[in-house]
Amino acid sequence: MTDFSAMVDFKCLQHDCDAVVEFNIMALKKNNGVVSCPVCHHQFEFDEEFIGKLEKLRNLLIAVQEAEEILGDCNVGVTTPAGEIKVPYRLLLTRLNSLLTLDVAGEKVDFSFRIEPIDGSFR
């Protein structure tokens, strides 16, 4: 299995802190689901359900990386007023900024990530 970084970030949930909390989803389970804000040092502890969702995301990323050799043959059809455009799937993934929105302590939080299958990283 390929080992690569999977960096995710979110805005600190403390009302007086505007820092961005960044963590590697590949290491979250090793840290018992705990991450800390680099500015206010507030600790966030994620439950098994949350970690499970990130594990599924991790598995998806590994599957995309393992399918890299066929991604050049895959396209995504996007319909525009000018007609359909075929975007190479691999290019789409490298340019797609993604958000995973989850409920954290009753508040919707956007976790930002970006897939970079060309070089095997995820940020």
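FYI, the numbering just counts along the sequence from 1.
- Atoms SG and CZ, from Cys12 and Phe44 in turn, are 4.0 Å apart once rounded to the nearest 0.5 Å.
- Residues Gln43 and Ser36 share a closest heavy-atom pair of CG-OG, 3.3 Å.
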Point to revise | Residues Glu22, Val8; criterion side-chain contact (heavy atoms from CB on, under 4.5 Å); working and verdict | key: CA-CA 6 Å; Glu22 185 176 80; Val8 176; over 6 Å; no

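- Between the CD atom in Glu48 and the CG atom in Asn32 there is a gap of 9.0 Å [rounded to 0.5 Å].
- Residues that satisfy the salt bridge (Lys or Arg N to Asp or Glu O under 4.0 Å) test with Asp16, not counting sequence neighbours, are absent from this structure.
- With sequence neighbours left out, the ring pair (Phe, Tyr, Trp, His ring centres under 6.0 Å) criterion links Phe23 to Phe46.
- Side-chain rings of Phe50 and Phe111 approach one another, their centers coming within less than 6.0 Å.
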Could you list the donor-acceptor pairs under 3.5 angstrom formed between side-chain atoms of residues 74-86 and any protein atom two or more places apart in sequence or on another chain?
unit_1 : atom_1 : unit_2 : atom_2 : d
Thr80  : OG1    : Ala82  : N      : 3.3
Thr80  : OG1    : Gly83  : N      : 3.4
Thr80  : OG1    : Gly83  : O      : 2.7

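- In plain terms, the two heavy atoms of Val34 and Leu28 that are nearest each other are N-CD1, 4.2 Å.
- With Asp47 contributing its side chain and Glu49 its backbone, the two residues share a donor-acceptor pair below 3.5 Å.
- A pairwise comparison of heavy atoms in Phe10 and Val109 identifies CB-CG1, 3.8 Å as the closest pair.
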